[in-house]
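Counting starts at 1 for both ligands and their atoms, in listed order. Along the sequence shown, residues carry numbers from 1. The figures that follow rest on heavy atoms only: side chains count, while hydrogens, waters and symmetry mates do not.
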Amino acid sequence: MTTTSTHTHPTPDSNTAHHLSLAETAIAHNYRPLPVVLASGEGAWVSDVEGRCYLDCLAGYSAINFGHGHPRLLAAAREQLERITLTSRAFHNDRLGPFCQDLADLAGMDAVLPMNTGAEAVETAIKVARKWGRERKGVAPDHATIIVADGNFHGRTTTIVSFSSDPVARDGFGPFTPGFRTVPFGDAAALENAVDESTVAVLLEPIQGEAGVLIPPPGYLQRVREICSRENVLFIADEIQSGLGRTGTTFACDIEDVTPDVYVLGKALGGGIVPVSAVVSRHDVLGVIGPGSHGSTFGGNPLAAAVGHAVVELLRSGDYQARAAKLGKQLHDRLESLIGHGAVAVRCSGLWAGIDIAPALMTGRQACEALLARSVLAKDTHGSTIRLAPPLTIGPDELDWMCEQLAAVLTGPGSAI
Ligand SMILES: *Cc1c(COP(=O)(O)O)cnc(C)c1O
């Protein structure tokens, strides 16, 4: 692994201090990162500007499912960089068709509408659903409603934060987009009651990531599927974080053997190299979008398509899903043993975990700072929860080591920080 030269810097930490001060003055404060400045990465490991190594247990919020610098993804990107990177959709490019065909195939769907970031794909799904409701269901103009879940995270655009239940994500950003109805996550009866003739879609994360890896009760996704089918409402699964191997299956919906009408994908689809997102669905749904009614300058560009295609190739073997399932069991066993020893609850799905820390012990942020000191990178969410999402390429020994560090933070002598 490469390390950054410190020749021009007299003290070991001056590089870090320099970057932290730049962050203070030159970067808008829309994040509050842990005080570590990363410079390189390989596999599940990253190193900072001082040359210190860390196990990356956030993996770019699951954008790095295949690890840093996966050889096949890098090769696909490099090869495409030399050929052509951007054509615009005014013309065809030779990467997009094969990518979309294989992605649709992986999802058991017909076609793909390519975008860039996750939020754009969610916006696209909302537009598709509204137009589908107008044209195919006969919902009155400008009356479409979409049912969403409390505690959702679907991105940061003004429309998406309009139906967020997180005050920090919303406050000050109004006026908000109408047309959304919120129900409790995991409550199928509440969802059923919220459906009326204006309802065009139900938009859900099958497992809520940002909320702390919240897993709905068994049978919930099947019930949602049944309700949507019966009521002629689109089931849109936002699998931007839960999809593409994370849960031990290709999609989190697979856990309940459920096929939504629309998948929204992002994050790992870009292999951690470029932003690639997509709306994947059937022709009868995507068919409502005609030329000129939606688009993106960068969406479906050849570089993104080449990398996305390489990601789909990796997933086609099923190896990563199997690995996440197997290592997920190990992770779950180790984490369960922390309940009553610093943790009050643990939720696991594949290589994805939310750990609620005993609030009296420390905050999630403090736990992540203590993990950082032990060379583990993780991210807190909602006060007292830590989320773990290591690359699916992590080894069993590394996973054990990560759990040991967490146990030491939660139960060790210095646990009160
Ligand atoms: C990250 C995320 C998004 C937004 O993706 P961006 O690429 O940050 O716009 C949307 N939905 C879910 C479930 C996510 O985890």
Just by distance, do the side chain of Asn65 and the backbone of Leu244 share a donor-acceptor pair under 3.5 Å? yes
Is a salt bridge present between Glu197 and Lys137, judged by a nitrogen-to-oxygen distance below 4.0 Å? no
Under 3.5 Å between some N or O of ligand 1 and some N or O of Gln241? yes
Going by salt bridge (charged side-chain N to carboxylate O under 4.0 Å, His left out), name the residues that satisfy it together with Asp284, two or more places apart in sequence or in a different chain. Arg282
Should one rank Ser277, Pro275, Gly118, Gly266 by closest heavy-atom distance to atom 5 (O) of ligand 1, which comes out on top? Gly118
Note the single closest protein heavy atom to atom 2 (C) of ligand 1, along with its residue, its atom name and the distance in Å. Lys267 NZ, 2.6 Å
State, without any angle test, whether Asp196 and Ser198 hold a side-chain donor-acceptor pair at a distance under 3.5 Å. yes
Please list the nearest protein heavy atom to atom 9 (O) of ligand 1 with its residue and the distance rounded to 0.1 Å. Ala119 N, 2.8 Å
Nearest protein heavy atom with distance in Å, relative to atom 11 (N) of ligand 1: Asp238 OD2, 2.7 Å
With sequence neighbours excluded, give me every ring-ring contact (aromatic ring centres under 6.0 Å, His included) pair touching residues 202-259. Phe185-Tyr220, Phe251-Tyr263
So is Phe153 in contact with ligand 1, going by heavy-atom distances below 4.0 Å? yes
